[in-house]
Amino acid sequence: MRKLKLIYISLLALLVLGCNKDNENDIPDYSDVSWYTEAGGFAHTNLARQVGESLSFMDLSQGIYAHEWVLDSGNFYIEGDFQKGDDLTQFIIPNSGLSTDAYNINVLFMEEGLQGVRLHNKFYHPVEYIGFNSSHDEADTLTAHRDEEGMWVIDTTFYVDVYGVLEPEVIIEKEGEMLVHVKMDSIIYFEDGEQKVITDQDENIVFPTFDIEWGEVLTYRDMTASGRPDTRTWTFPSNAAVNGYDNGGDSNVDPENAVSVDLIFNSFEKSGAGSLETERTLDVVASKAKLNLPITFNVVPPTLKAEFKVYHRGVEVLHIGEDDIPSDDISTWTTLDIALDDELVFEDLTTEITTLNRAWNFESGIKAGETGTAQNESNIYSDIATGAKIGSFTVSQTINNEEQTSTKVIPLLINVTLTQEGDTEVLGDITTADEISNTILFYSNEELKDIPASSINDFSISGTDINAAPLSLSITSVALNPDNKKEVMITLDNEVYNSDEIQLAYTGSQIKSRADIPLNAFDLPVIGKNTASDVLDATFKSFEEYKGKDTGGSAKGWISSHDGAPKDTRYFYYQRTDERASDGDYSMKFFADYNLATISKDKKVETSVSEGHILDVPEGVYEVSLDIYVEDGSITSPLDENFEIKLTGESTLSYKIDYNALPKGEWTTIKIKKPFGPSNSTTKLVLQFDSDVASSGTVHFYLDNVSMRNLKTR
């Protein structure tokens, strides 16, 4: 192909030269300026070559008085029958210099950058060259000027962008310092602090192997300067993962094409370092060059170094890092004051490559002499102490059949004193020990001293049965649970039932915490223990399941009343919502922003028999419980007993509470203990305002966690 092109150019040159040289002594009647380049016909711009490549130029001008080509220094004229891939320096015309009066030239470019090929012509007659730049609308016109000899001069330079040979070059860094520098003809690296150089002239080359710790990060950096590549492709070691990279601000660049890449080594094996291929994609000088990185990485486990923290009441009080080596001199240790029965929490932060074996060796606290093996351990300090040692911590692991161990003392001394912040008070509910029982239990927020027998006189108890008949009850003993010194057990002379309403009061000062802080007085209801199964289906009691449509309250197992409008426009007063909940994620919301009395029907939500919410309620006494969150609204008539809880069935049993008396802005639990039943196949539990209830303002509340359980009765 190269030969054919040269033949064509030569023929064209002969024709032109014939016009120029037939009668050299005669002044031609006509002059014209024109040229041809191998790179693009009559192009004057966008010429490109790589160092060591050539480009042909032909002066096609006519009516010439004088003609000259001039090269930039470092480039050469060549001639001969050369082929693509030949070493063109063998075809340099000896002693040709930088200028020639030949019309057809081949130029060998040996210098990088913009290289000029100057065409300097003198014509007998005025000439003008009209060329084109990037657009046909922008003419690149050259107009001859007259010199002192009276000849017309065109002096122009063709600039060829000469690219260097692609020579990939890579630096690999560790912790910001160069580990190895790989070039096409050499490798530079450091060994024992001494710089080593391997060249391609070395015989019996042994390429270096580097030990890299597991989890260590190396940075691969493309340092290629020669040849102006515009893209690159990395091949990374098989036992490394990308830990970050420089995309040069271009989000479309992947790590495999980035300028620099951070790699983290995460498996124990030897592997090659990979390679870098650089590429120049400009068509006329397109080129690729690949640089293999002929080194080996041997991934080794890092030295095992124990790291841990100690917390007191959620606050970090000690941190021993991987590189910290606690002193055996206890005078340098931290001293911590804690209260009796305080807890310290110990957290292992050691880097875990493989399974770690842990040993928290405790010297004090309730675990003194014991060894904890969990990542997070705790120890309670229940004895008065001054300057007590905590113990030590050991971690070990086995990698590649090699065991590593790291032991560090816990450099902390503790003073355990009897202190208390805040009051001594009842914690949680006061309850019965069973559904029918003569024992009442409550817990203190603090451990208590032994309770004196005389404290029995500081308690009082009263109550009524389900029928509101007074109960005859007396306390026979008050004692501290020997296995839990926060639990108080009160024994009665008679059994109480979970259907009873019991009140326990304490007004003394003899029950004290170990810090000698008296138990606060109280007067609280006793909650009867109830293990009976819930009548309401657990799936539906908290409105958690969506029924598949928005009508009827939306909660599966329930239906609600509506405003009586046509079916496609009905407004349902009760709707399942996730706006707030006391149990689970959903509750049942009621909302009306007008007087309820204008709604001539009950405003209710009820269990749905057709959706499988079947109630089995034998005749008896039941505790109905529900959580309610009152947002807004006031009932004007009736002023009390206006919100209704009822059970429909063979007969309807209805009980009412006062909506106006409920606190606003918080969840409140309503409990009623009343007779219900018996049920039948159509029995429903109904929560409602009846049709006669009137209101003022917006009535807005939420219901959740509805429950109905059988009680024991006398």
Side-chain angles (χ1 to χ4, degrees), residues 429-442 461-473 490 492-504 524-538 540-542 557-558 582-583 604-607 609 613-628 640-659 661-662 668-688 690 703-714:
D429 292 329
I430 300 175
T431 66
T432 60
D434 211 337
E435 294 176 311
I436 302 174
S437 173
N438 68 342
T439 303
I440 293 174
L441 310 171
F442 70 84
I461 190 166
S462 60
T464 59
D465 64 16
I466 191 62
N467 298 312
L471 298 173
S472 176
L473 299 172
I490 298 174
L492 308 178
D493 62 346
N494 284 310
E495 292 181 330
V496 294
Y497 288 63
N498 60 8
S499 59
D500 296 334
E501 298 288 339
I502 307 296
Q503 197 79 7
L504 179 68
L524 296 170
V526 177
I527 308 301
K529 184 175 182 179
N530 192 345
T531 61
S533 58
D534 204 322
V535 171
L536 299 188
D537 192 311
F540 308 141
K541 62 178 293 184
S542 290
W558 297 85
S582 70
D583 181 67
K604 64 185 179 182
V605 61
E606 60 189 16
T607 57
V609 175
H613 209 160
I614 309 299
L615 305 185
D616 182 13
V617 188
E619 188 172 5
V621 175
Y622 291 81
E623 180 183 72
V624 176
S625 173
L626 60 89
D627 297 338
I628 186 168
D640 57 6
E641 295 189 342
N642 39 48
F643 187 74
E644 193 171 10
I645 300 171
K646 68 180 182 180
L647 194 74
T648 64
E650 290 186 4
S651 59
T652 297
L653 295 169
S654 176
Y655 306 98
K656 295 183 179 181
I657 62 169
D658 184 4
Y659 177 86
L662 296 171
T668 303
T669 300
I670 298 172
K671 290 185 178 181
I672 61 170
K673 299 177 181 179
K674 297 293 182 181
F676 286 99
S679 62
N680 58 26
S681 61
T682 62
T683 294
K684 298 178 181 180
L685 180 67
V686 184
L687 310 173
Q688 70 170 42
D690 67 26
L703 300 174
D704 203 1
N705 197 26
V706 185
S707 174
M708 183 176 187
R709 294 188 296 173
N710 183 243
L711 295 171
K712 302 292 185 181
T713 58
R714 299 179 185 279

**OP:** Test side chain to side chain contact (heavy atoms under 4.5 Å, CB included) on T531 and E435 and set out the steps.
**Re:** CA-CA 7 Å; T531 61; E435 294 176 311; 3.0 Å; yes

**OP:** Just do the side chain to side chain contact (heavy atoms under 4.5 Å, CB included) check on W558 and T607 with the steps written out, would you?
**Re:** CA-CA 4 Å; W558 297 85; T607 57; 3.8 Å; yes

Original post:
Going through the checks in order, is the side chain to side chain contact (heavy atoms under 4.5 Å, CB included) test met by V496 and V526?
Top reply: CA-CA 10 Å; V496 294; V526 177; 6.0 Å; no

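Looking at every heavy atom in both residues, I466 comes nearest to K673 through CD1-O, 3.3 Å. Scanning all heavy atoms of the two residues, the minimum distance from Q503 to P525 falls at OE1-CA, 3.4 Å. Closest of all the heavy-atom pairs between L626 and I645 is CD2-CD1, 3.9 Å. Scanning all heavy atoms of the two residues, the minimum distance from N710 to V621 falls at ND2-O, 3.1 Å. The two residues G677 and S651 make their nearest non-hydrogen contact at O-OG, 4.4 Å. The shortest non-hydrogen separation linking P675 to L653 is O-CD1, 3.4 Å.
Note that CZ of F676 is 10.5 Å distant from CG of L711, once rounded to the nearest 0.5 Å. Rounding to the nearest 0.5 Å places NZ of K671 at 8.5 Å from OG of S707. Once rounded to the nearest 0.5 Å, the distance linking CG of L504 with CD1 of I490 reads 4.5 Å. Rounded to the nearest 0.5 angstrom, T432 OG1 and D500 CG are separated by 9.5 Å. Here the CG-CE distance, from L685 to M708, works out to 6.0 Å after rounding to the nearest 0.5 Å. Between the CD1 atom in I628 and the CD1 atom in I657 there is a gap of 5.5 Å [rounded to 0.5 Å].
Note on D690 versus K656: salt bridge recorded, some NZ/NE/NH1/NH2 to OD/OE distance being below 4.0 Å.
For D537, the side chain to side chain contact (heavy atoms under 4.5 Å, CB included) criterion is met by T539, F540, H613, not counting sequence neighbours. Here T439 pairs with nothing under the side chain to side chain donor-acceptor pair (under 3.5 Å) rule; sequence neighbours left out. Taking the ring pair (Phe, Tyr, Trp, His ring centres under 6.0 Å) definition, one finds that Y622 meets it with nothing, sequence neighbours left out. Remark: S582 pairs with D627, W667, D704, N705 by the side chain to side chain contact (heavy atoms under 4.5 Å, CB included) rule, at least two apart or across chains.
For residues 679-688, the pairs satisfying side-chain hydrogen bond (donor to acceptor under 3.5 Å, both in side chains) are E606-K684, E644-Q688, N680-T682, N680-T683, with sequence neighbours left out. For residues 461-472, no pair satisfies side-chain hydrogen bond (donor to acceptor under 3.5 Å, both in side chains), with sequence neighbours left out.
Between L473 and I502 the shortest side-chain heavy-atom distance falls below 4.5 Å.
Applying the 6.0 Å contact sphere to NZ of K646 captures more than 12 heavy atoms from other residues, nucleotides or ligands.
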